[in-house]
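What follows is a single structure, written as structure tokens, with notes after it.
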Number of protein chains: 2
Amino acid sequence: MRDSVDDFLDQWAALRSDLDLEAMGAVGRLLRLTRLVDKEVGRYFAEHGMERWEFDVLATLRRSDRPLTPKELAANVMVSSAALTNRIDRLAARSLVAREAVPGDRRSLHVTLTDAGRRLVDSTVEGHVRNERRMLAELDAEDCEELNRLLRTLVNTLEGGR
Amino acid sequence: MRDSVDDFLDQWAALRSDLDLEAMGAVGRLLRLTRLVDKEVGRYFAEHGMERWEFDVLATLRRSDRPLTPKELAANVMVSSAALTNRIDRLAARSLVAREAVPGDRRSLHVTLTDAGRRLVDSTVEGHVRNERRMLAELDAEDCEELNRLLRTLVNTLEGGR
DNA sequence: AGCGAATCATTCGACGTCGAACTATCTCTC
DNA sequence: GAGAGATAGTTCGACGTCGAATGATTCGCT
């Protein structure tokens, strides 16, 4: 079975047979697959009247099970702290999170989940994960494990130390 | 060996043991890994005085080995046609591509690589692929093949038909 | 204690992308 | 062959993000 990236690789092979097709293929598929997954995830949340970035922030707070500072949130969600200020503003306006003072350091603050925010995450996370599973449906249990093993290795490599 | 996504999964497991960790892990790693790869690729091109999007467009033209319409380019690069107009403008301003009339359809046009554009792609693609290989260095040949197999399956699934 | 460096969140300006509207051209049908 | 609808690329307005600058507070060193 071939995929669209194979076509892409064939084109390069015809012109520059010196290139490392295995590497190009892996990275190419990674990027393409992520775009497709992103789109599908976005579609799911849109159907549930939510945006992807809202879930990212709320879910990070939920799974951490404690208030987080904007800095911690930014690191988890992988956006700039400027973007986070904006996101917190909008979530707070809808009363899904609240800003609270952090005792002992007035530079910083704690972002907490409100009850409404927590209810919203809890009610969407299940369907979201089901949707993720559905996207992997073509992989049997063994393949899925193998995929996780390979990706884990790469994540570790690129995250540097750890 | 564990990675940062394992921590993330542990947090969910502690609170919601009903969730499908295998699926969350795979998708989570996919997204995280792509971010890391993106950053590294960006770093490489920045070092060579180039931006990622420039390479994307030029490389698509190069490997196609023929003039492409903006519509074809947009599909390959996965951005809107509006974004493509902007990119072509900027590449044309630097004389890396040229717009030419397409015979028989005056609505459309052909984007062609100039000699300078072609030289630029050819001189950077090699190092770029070497860099990609370097990111996969932890995987032996067999693992790399396996990764491509798994990703190919998923790309095919999510691309629908084909 | 006190002063400079470091750290934190926010604000600001610039930039790239998107979807929608727009113009021009082509195609299909009667 | 003429008109309706489809299709191509571009323009426009809105939006979210980023890096840099800002203001407030804390830490480290002597």
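Chain letters run A, B, ... following the sequence lines, proteins first, then strands; residues in each count from 1.
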DNA chain D contacts made by residues 31-70 of chain A, counting heavy atoms under 4.0 Å: none
Determine, step by step, whether Glu146(B) and Glu142(B) satisfy the side chain to side chain contact (heavy atoms under 4.5 Å, CB included) criterion, reporting the C-alpha distance in whole Å, the side-chain angles of both residues, the deciding distance to 0.1 Å, and the verdict. CA-CA 6 Å; Glu146(B) 178 74 357; Glu142(B) 194 185 341; 5.9 Å; no
Just by distance, do the side chain of Ser17(A) and the backbone of Ala13(A) share a donor-acceptor pair under 3.5 Å? no
Spell out, as yes or no, whether a donor-acceptor pair under 3.5 Å connects the side chain of Asp6(B) to the backbone of Asp3(B). yes
Is any NZ, NE, NH1 or NH2 atom of the basic residue among Glu72(B) and Arg66(B) found under 4.0 Å from an Asp or Glu carboxylate oxygen of the other? yes
Salt bridge or not between Arg149(A) and Glu145(A)? Use side-chain N to carboxylate O under 4.0 Å. no
Determine whether Ser4(B) and Glu159(A) satisfy the following criterion, side chain to side chain contact (heavy atoms under 4.5 Å, CB included), listing intermediate values before the conclusion. CA-CA 9 Å; Ser4(B) 60; Glu159(A) 271 179 350; 2.6 Å; yes
In residues 71-109 of chain B, which ones come under 4.0 Å of DNA chain C, going by heavy atoms? Val79(B), Ser80(B), Ala82(B), Ala83(B), Asn86(B), Arg87(B), Arg90(B), Asp105(B), Arg106(B), Arg107(B)
Outermost contacting nts on DNA chain C, any atom under 4.0 Å from chain B heavy atoms, listed 5' then 3', are dG16(C) to dC26(C)
Before giving the answer on salt bridge (charged side-chain N to carboxylate O under 4.0 Å, His left out), spell out for Asp10(A) and Arg2(A) the whole-Å C-alpha distance, their side-chain angles and the decisive distance to 0.1 Å. CA-CA 11 Å; Asp10(A) 285 348; Arg2(A) 292 167 53 82; 2.9 Å; yes
Are Arg118(B) and Leu61(B) side-chain neighbours, meaning at least one heavy-atom pair lies under 4.5 Å? no
Show your reasoning for whether salt bridge (charged side-chain N to carboxylate O under 4.0 Å, His left out) applies to Arg134(B) and Asp20(A). CA-CA 11 Å; Arg134(B) 202 177 53 70; Asp20(A) 183 338; over 6 Å; no
Could you tell me if Glu22(A) and Asn148(B) have a donor-acceptor pair between their side chains, going purely by distance under 3.5 Å? yes
